[in-house]
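Every chain is numbered from 1 and lettered A, B, ... according to where its sequence line falls, protein lines coming before strand lines.
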2 protein chains.
Amino acid sequence: MYAAMEKNKFDMKNKKVTAIDVAKLAGVSQPTVSRVFSSEGQSVSAEKRKRVEEAAKLLGYQPNVFAQSLITNKTRIIGIVMTNLHNPFYPEVLSLFYEKLSKKGYHVLFISSASDSIEEQEIHQFIKYHVEAVIVTDALLTSSAAELFERQNTPVIYFNRYSRNSRNHAVICDNYNAAFQIGNYLVESGHRNICYISGPENTSTTEDRRKGFLDSLRKNKLKPTVIVNGNYDAEESYRVAKQVLLEHPTIDSLFCGNDISAFGAMKAVTDLGKRIPEDISVVGFDDIRMARWPLYNLTTWKQPMEEMVEETINIMLDHIGNKLDSPTTKLIPGELIVRNSVKNRSSVD
Amino acid sequence: MYAAMEKNKFDMKNKKVTAIDVAKLAGVSQPTVSRVFSSEGQSVSAEKRKRVEEAAKLLGYQPNVFAQSLITNKTRIIGIVMTNLHNPFYPEVLSLFYEKLSKKGYHVLFISSASDSIEEQEIHQFIKYHVEAVIVTDALLTSSAAELFERQNTPVIYFNRYSRNSRNHAVICDNYNAAFQIGNYLVESGHRNICYISGPENTSTTEDRRKGFLDSLRKNKLKPTVIVNGNYDAEESYRVAKQVLLEHPTIDSLFCGNDISAFGAMKAVTDLGKRIPEDISVVGFDDIRMARWPLYNLTTWKQPMEEMVEETINIMLDHIGNKLDSPTTKLIPGELIVRNSVKNRSSVD
DNA sequence: GCTAATCATGAAATCGATTACACGTTTAAT
DNA sequence: ATTAAACGTGTAATCGATTTCATGATTAGC
């Protein structure tokens, strides 16, 4: 009680502890304190090092990052832009990024953009804070924003998007191949009337998935089946699926552009009195945690998040370190996760 | 094409533009440049102000935040700690925080903690970056961490948690009253065998909900019904619900500690061949977006996120500004959202 | 039209670190 | 033992802003 008050009295001064305070207490010069805290094994005698460390701990000293950044020009801050927090895929990704970046001593400055392409103004925040790299998930920069970063030589890495004419790095799941495999899988398990509930048309991801899917049908000599556009969202997908199922009663399977739209579609199916997978098979895309909820048990394509995040960080570090700045695009394969939403209708086996 | 190369040549220098550069180009002194950019209407003649602004735009000048923060001791950075990104409630909250904070010119430094109480080490990141406030959602600080912030006079605001002996601010939904209302609602709509699927026992939130629920039963002269502990998670809740429904076949309703555990429970119900709400009613808590998905259509208690976030930010600003540091706790009521997962079994109406 | 008050502006100090440099000690080399 | 290299440590410069202070110019007051 008394001790607490005492402490408070000191705290009223609200004076932050600086390297000078530590130096005084340890009986060394201020640069020596700095040397103890500069990560590398700087030359300072074991004895003084110990004295400094003790003094620092006693005072609760933490080097001031702003002073550090000012002189070193390094901020250890990474900017992450995320547009679509409503799709659980992205929080999962964010969490992974945080975990892996912080392990490497980086910090996450977070920007969430409501719109699909990021406002100039938001971008300025990143520039002001001298982020060492920018990771953009599920959105594209405006070209003027991209130019800004290029001018500052700040690497931009797209996660799960790319634009053909962009000079930025990108890490993506091999969407074309994934959709191709899913198409094959459905055909091989005896489906003949596949409906693809796609996402909005203007993204690379959606484009590639659509192409892969169509190519697999073509290979299997099936004529193109119904394709409708949702917006990667459960409610919209529910609406769309319901409608398409009514219009095309022969449909035996739904391939949905992502997991949450699959969830919406599943409800549409059961609302129409059909069963999954007995009457209609459903396949998703992403393999978010919810996909394995007993409620869904969704067969889906796993985007290997962990690997993708890892790769993104590697590219980032490579760029920051070696200044290798020829734009790299990394394709990660992923895999089909078979659960319980697809029935084998093939008579053969 | 050519222009682009030209530009690049300049950029190779990678020299950052400082106030001095602007000053030279505008033919003024460096402090004058600073005065133009310091938010307040500083005294600088209209003519020079214009010259400076033009020069700044031409060079693409942005004041260096690190230099600014160093001298002003203001960082405009808010630290947010979030443990439970798997529950969609929290990404929704994060998104709101970001939106509202950025509107006020603050930035979000993000920390996600796997464990329920936050590691000392993570906390140091906040201290290093001199965050002006810390918002903690769904977790508590260790007492030594709390002490650290107190010593730095950094306000900590708990969102959706509080601890009785903590000297920090808190904004919470009135969990006691909410659970009380839900209990009443279920009883009044004719339910007599209510099972409460709670969360882990050690949190204030869970405690208050349990108390409120029990008190409402008591008031209605019902003897305490089955209470089981899940962990606010769909899969666990599925398991638990299945078991409890088998053991107690008379149960007519489930009150779940949050929405996602309600989703799990719903599946348990239908897996056992019972219907919602005809055979068993289900109520959730939170009103996350998914609750209104057609798939669920869950009757639930709305935690008024927007209001809660707003309140949290207000307390934060008050603390930062007026130095009013007597710990404030703000209770926000919330409301029952009636959808389609509860049946009126009362014979009266 | 003279003094006082106001305003605009530059010079210099400052924030809290890092780091080049120089100097004094210690250790190694021959 | 003598010289050179290596090491430890303090002094001073530096990063890029803000801010105090002083000075000179401008306006107002009478």
Side-chain angles (χ1 to χ4, degrees), chain A residues 13-53 55-56 59-77 105 124 127-130 132 152, chain B residues 13-53 55-56 59-77 124-125 127-130 132 152:
Chain A
K13 296 180 190 167
N14 200 18
K15 231 182 78 185
K16 284 173 308 180
V17 205
T18 75
I20 293 182
D21 303 323
V22 178
K24 268 188 201 139
L25 184 60
V28 299
S29 75
Q30 180 269 320
T32 299
V33 175
S34 170
R35 279 188 267 259
V36 169
F37 278 84
S38 317
S39 45
E40 301 313 311
Q42 291 265 11
S43 55
V44 35
S45 70
E47 182 223 342
K48 296 206 171 174
R49 164 166 267 127
K50 197 176 156 217
R51 287 223 307 273
V52 168
E53 276 163 355
L59 297 175
Y61 168 72
Q62 288 281 346
N64 182 322
V65 197
F66 293 89
Q68 282 180 322
S69 296
L70 183 57
I71 189 101
T72 61
N73 249 325
K74 299 212 179 317
T75 62
R76 306 240 98 191
I77 298 181
H124 277 119
I127 294 191
K128 275 172 80 170
Y129 280 87
H130 289 87
E132 296 189 18
Q152 313 258 342
Chain B
K13 294 180 191 169
N14 202 19
K15 230 181 80 184
K16 284 173 309 180
V17 204
T18 75
I20 293 183
D21 303 324
V22 178
K24 269 187 200 140
L25 183 60
V28 299
S29 77
Q30 180 268 321
T32 299
V33 175
S34 171
R35 279 188 267 259
V36 170
F37 279 84
S38 316
S39 44
E40 301 314 310
Q42 292 267 10
S43 55
V44 35
S45 70
E47 182 223 343
K48 296 206 171 174
R49 162 166 268 127
K50 199 177 154 214
R51 287 222 307 271
V52 167
E53 276 163 355
L59 297 175
Y61 168 73
Q62 290 276 354
N64 182 321
V65 197
F66 295 89
Q68 281 181 323
S69 296
L70 183 57
I71 190 99
T72 60
N73 249 326
K74 298 213 180 317
T75 62
R76 304 243 99 191
I77 297 181
H124 279 120
Q125 305 311 321
I127 294 191
K128 278 170 79 169
Y129 281 87
H130 289 88
E132 295 188 19
Q152 313 258 342

* To do: Take atom CZ of B/Phe37 and atom P of D/dT19, then tell me their distance rounded to the nearest Å.
  => 16 Å
* Asked: Over how many whole Å does the gap from B/Arg76 atom CZ to D/dA17 atom C1' extend?
  -> 17 Å
* **Presence of A/Ser45 side-chain N/O under 4.0 Å of D/dT9 phosphate oxygens OP1/OP2** => yes
* Verify the contact: side-chain N or O of B/Lys48 to OP1 or OP2 of C/dA8, cut-off strictly under 4.0 Å; return yes or no. => no
Contacts of [X] that satisfy side-chain contact (heavy atoms from CB on, under 4.5 Å) - sequence neighbours left out:
X       : answer
B/Leu25 : B/Ala55, B/Leu58, B/Leu59
A/Thr72 : A/Lys74
B/Lys50 : B/Glu54
A/Thr18 : A/Ile20, A/Asp21

* Between A/Phe66 and B/Phe66, how do the two ring planes meet: parallel, tilted or perpendicular, split at 30° and 60°? -> tilted
* Structure fact -> Protein heavy-atom contacts under 4.0 Å, written 5' to 3' over nucleotides 11-16 of chain D as B (base), S (sugar-phosphate only) or - (none), form the string BB-BBB
* Pairs flagged by side chain to side chain donor-acceptor pair (under 3.5 Å) wherever residues 59-68 of chain A is involved - sequence neighbours left out -> A/Gln62-B/His124
